[in-house]
2 protein chains.
Amino acid sequence: MTDFKPKKWPKQARSKASFDAILEGAARLLRRQGYEALTTNRVAAEAGVGIATLYEFFPNKEAIVAELVARLMAKVEANMEEAFAEAVGQDPWPAVTHMTSRAVGSLAEDREVFHVLLRQVPFVPQLPVVMETRAALAALSQRVRITAAGALDLPMPEEDAWLISEMLYNAILEVAFLDVDEKKRAELTKELARLTYRMAVGRDPEAAGSVSR
Amino acid sequence: MTDFKPKKWPKQARSKASFDAILEGAARLLRRQGYEALTTNRVAAEAGVGIATLYEFFPNKEAIVAELVARLMAKVEANMEEAFAEAVGQDPWPAVTHMTSRAVGSLAEDREVFHVLLRQVPFVPQLPVVMETRAALAALSQRVRITAAGALDLPMPEEDAWLISEMLYNAILEVAFLDVDEKKRAELTKELARLTYRMAVGRDPEAAGSVSR
DNA sequence: ATATAATCCAAGTAATTGCTCGGAAAACTC
DNA sequence: GAGTTTTCCGAGCAATTACTTGGATTATAT
């Protein structure tokens with residue numbers, strides 16, 4: 001099987017620059033042309049390095065994509081942990097809106113690249129780093145839900161958790177991928193949070209009894 | 001731009017068989033090896049026809065995929081219209097569960113092929129036939145919702161419709177794609193219907209007031 | 001029965017792909 | 001400053017790709 005890790009990590013500043021340039025070139029190509037246009041020769045050209053330099057660090061094309069994905073996922077995860085820290089102690093409804101909006105926001109920054117990677121590259125969704133990040137995010141929402149449960153006395157059917165996190169994940173992607181202005185995206189994000197709350201709690205956030213005592 | 005329609009339709013029974021064999025061969029390859037393994041030469045071999053025969057009917061690889069998609073989508077749409085006819089006049093909650101379960105079921109039949117086509121082939125989600133089918137399905141759920149609104153006196157915020165149908169579409173795909181036994185899939189489908197109902201109506205289907213007078 | 005149209009196909013072509021080779025230059029180590 | 005390691009690179013190769021060519025075979029029409 002193909003190896004999805006860099007065969008060598010850069011040691012000097014010079015090669016760190018090349019390494020980064022390769023990843024940035026790959027991202028630019030993905031954004032502009034999609035995965036089908038991503039050839040190793042083109043990535044090298046776009047990055048401004050020789051093709052042999054590229055193969056000095058990466059064993060194959062997939063490893064480039066995997067490393068790019070790893071970096072993007074790390075950024076998302078960091079963002080979401082920060083968001084969680086900010087949401088701790090807030091009431092359930094503000095907590096949900098805040099987490100949702102941060103999730104959409106951190107994907108929307110690089111929406112074209114995320115779109116291509118997560119929806120068009122066959123092996124990316126199965127990548128360990130992606131599955132781990134998804135699990136970490138699901139765990140975070142679980143903790144938000146538990147807080148909410150304490151405040152709201154929620155029934156929490158075992159099975160729903162998976163479905164809700166699945167629906168939420170996909171909806172967040174869809175909203176983040178949309179090519180709309182930020183105002184419209186913010187509106188949709190708010191609505192998404194409301195629907196999520198409805199799914200999880202079974203009633204509207206504005207309804208009586210939704211605010212913790 | 002490349003043409004996504006067959007360059008010629010078969011006229012005799014002999015060539016109809018070839019035409020179908022090509023599409024079935026393509027589907028088999030997609031199911032077994034994914035889109036990356038789908039080469040025109042391999043499709044021809046798998047279908048048991050010469051490569052030139054393939055190019056007699058299809059101008060390029062994409063047209064094969066597009067025609068396969070068109071056939072699958074037509075089947076789904078027919079299924080869903082039938083399901084809608086059966087759901088008409090039923091109470092909202094049974095109508096929703098019925099439609100959801102038929103949707104999942106009609107995708108699950110060919111789940112690997114649908115999975116590859118809808119999630120890994122860059123141009124498929126943008127194909128007119130796919131977008132039209134999605135629109136048709138969204139229109140169907142709208143009509144279910146309108147019926148429900150009449151029975152339940154629902155508030156129907158304009159914006160939610162899109163989000164709900166988006167979430168529902170993705171969740172249906174996810175549940176249909178899952179590699180689980182049919183009992184488990186049926187459970188998840190039922191839960192999905194319940195969450196959908198919660199999203200759309202704002203309360204549980206079993207709660208008082210959910211049954212039409 | 002003959003002419004016309006439909007259907008078939010294997011061998012081949014031009015272009016592109018991922019990736020290697022062999023070695024030069026630059027940076028660290030002592 | 002000599003030796004070692006790291007970094008760089010473009011020409012080119014083997015394999016694969018989508019697709020064409022030129023013609024043979026089979027069905028249909030008259």
Side-chain angles (χ1 to χ4, degrees), chain A residues 1-26 29-30 32-68 120-124, chain B residues 1-26 29-30 32-68 120-124:
Chain A
M1 278 294 150
T2 21
D3 201 353
F4 288 147
K5 287 198 311 273
K7 59 157 86 156
K8 190 163 90 183
W9 295 96
K11 308 203 161 177
Q12 306 177 0
R14 188 164 54 129
S15 60
K16 270 199 184 65
S18 297
F19 194 92
D20 289 353
I22 290 166
L23 294 177
E24 284 158 21
L29 281 180
L30 288 175
R32 292 204 306 251
Q33 319 244 44
Y35 183 62
E36 289 188 314
L38 197 83
T39 72
T40 51
N41 286 292
R42 250 196 283 254
V43 169
E46 177 74 27
V49 306
I51 178 64
T53 300
L54 184 153
Y55 278 100
E56 193 75 26
F57 296 103
F58 299 96
N60 49 54
K61 190 168 71 161
E62 287 78 17
I64 303 172
V65 173
E67 177 62 18
L68 177 60
Q120 292 178 4
V121 183
F123 65 89
V124 163
Chain B
M1 272 294 153
T2 22
D3 201 354
F4 288 148
K5 287 199 309 275
K7 61 158 86 156
K8 190 162 91 182
W9 295 95
K11 307 204 162 178
Q12 306 178 0
R14 186 163 56 128
S15 61
K16 269 198 184 65
S18 297
F19 194 92
D20 290 353
I22 290 166
L23 294 177
E24 284 157 21
L29 281 179
L30 287 174
R32 294 204 305 253
Q33 319 244 42
Y35 184 62
E36 288 187 315
L38 196 84
T39 71
T40 50
N41 286 291
R42 249 195 284 256
V43 169
E46 177 73 27
V49 306
I51 176 65
T53 299
L54 184 153
Y55 278 100
E56 195 72 27
F57 297 105
F58 299 97
N60 50 52
K61 190 168 70 161
E62 287 77 16
I64 304 172
V65 173
E67 177 62 17
L68 176 61
Q120 290 176 5
V121 183
F123 64 90
V124 165

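Numbered from 1 within each chain, the chains take letters A, B, ... in sequence-line order. Only a predicted model underlies this, so the values are computations on that prediction, with no experimental measurement involved.
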What is the distance, to the nearest angstrom, from the [atom1] atom on [X] to the [atom2] atom on [N]?
| X | N | atom1 | atom2 | result |
| --- | --- | --- | --- | --- |
| A:Glu56 | C:dA25 | CD | P | 17 Å |
| B:Phe57 | D:dC19 | CZ | C1' | 17 Å |
| B:Leu54 | D:dT20 | CG | C1' | 13 Å |
| A:Phe58 | D:dC9 | CZ | P | 15 Å |
| B:Tyr55 | C:dA11 | OH | P | 18 Å |
| A:Gln12 | C:dA25 | CD | P | 17 Å |
| B:Lys11 | C:dC8 | NZ | C1' | 17 Å |
| A:Asp20 | D:dT7 | CG | P | 13 Å |

Give [X] one of three labels, base, sugar-phosphate or nothing, depending on what nucleic acid heavy atoms sit under 4.0 Å from its own.
| X | value |
| --- | --- |
| B:Thr39 | sugar-phosphate |
| B:Ile51 | base |
| A:Ser15 | sugar-phosphate |

Next on the checklist: Between the base of D:dC19 and the side chain of B:Asn41, is there a donor and acceptor pair under 3.5 angstrom?
Outcome noted: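 Counting by modelled atom types and ignoring angles, a donor-acceptor contact under 3.5 Å is found here.
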Checklist entry - So among B:Phe19, B:Phe58, B:Phe57, which one has a ring pair (Phe, Tyr, Trp, His ring centres under 6.0 Å) with B:Trp9? => result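 With B:Trp9 as partner, ring pair (Phe, Tyr, Trp, His ring centres under 6.0 Å) holds for just one option, B:Phe19.
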Checklist entry - Should the pair A:Phe4 and A:Phe123 be assigned to parallel (<30°), tilted (30 to 60°) or perpendicular (>60°) ring geometry? => result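 Geometry flag for A:Phe123 against A:Phe4: parallel rings.
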Starting the side chain at C-beta, find the nucleotide from [options] nearest to [X].
| X | options | value |
| --- | --- | --- |
| A:Lys8 | D:dA18, C:dT17, D:dT7 | D:dT7 |
| A:Arg14 | C:dT17, D:dT6, C:dG18 | D:dT6 |
| B:Thr40 | C:dG18, D:dA18, D:dC8 | D:dA18 |
| B:Ala52 | D:dA27, C:dA10, D:dA18 | C:dA10 |

Next on the checklist: If you assign each of B:Ala13 and B:Glu62 to its closest nucleotide in DNA chain D, which residue comes earlier from the 5' end?
Outcome noted: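 The answer here is B:Glu62.
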Checklist entry - Closer to the 5' end of DNA chain D via nearest nucleotide, is it B:Leu38 or A:Pro10? => result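 Closest to the 5' end, via its nearest nucleotide, is A:Pro10.
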Next on the checklist: Looking at A:Lys11, I'd like to know if its NZ atom is crowded, meaning that more than 12 non-hydrogen atoms belonging to other residues, nucleotides or ligands lie closer than 6.0 Å.
Outcome noted: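 At most 12 heavy atoms, drawn from other residues, nucleotides or ligands, come within 6.0 Å of this atom.
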Next on the checklist: Does the structure place the NZ or CZ of A:Lys61 under 6.0 Å from the centre of the six-membered ring of A:Tyr35, at an angle of no more than 45° from the ring's axis?
Outcome noted: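 Pair A:Lys61/A:Tyr35 counts as cation-pi.
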Next on the checklist: If the cut-off is 4.0 Å, is A:Arg42 near the phosphate of C:dT17, judged by side-chain N/O to OP1 or OP2?
Outcome noted: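 Answer is yes, contact under 4.0 Å.
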Checklist entry - OP1 or OP2 of C:dT7 sitting under 4.0 Å from any side-chain N/O of B:Thr53? => result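 For C:dT7, OP1/OP2 do not have a side-chain N/O of B:Thr53 under 4.0 Å.
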Checklist entry - At their closest point, which heavy atom of A:Ser15 faces which heavy atom of A:Pro10, and how far apart are they? => result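 Shortest heavy-atom separation between A:Ser15 and A:Pro10 comes out as OG-CB, 3.2 Å.
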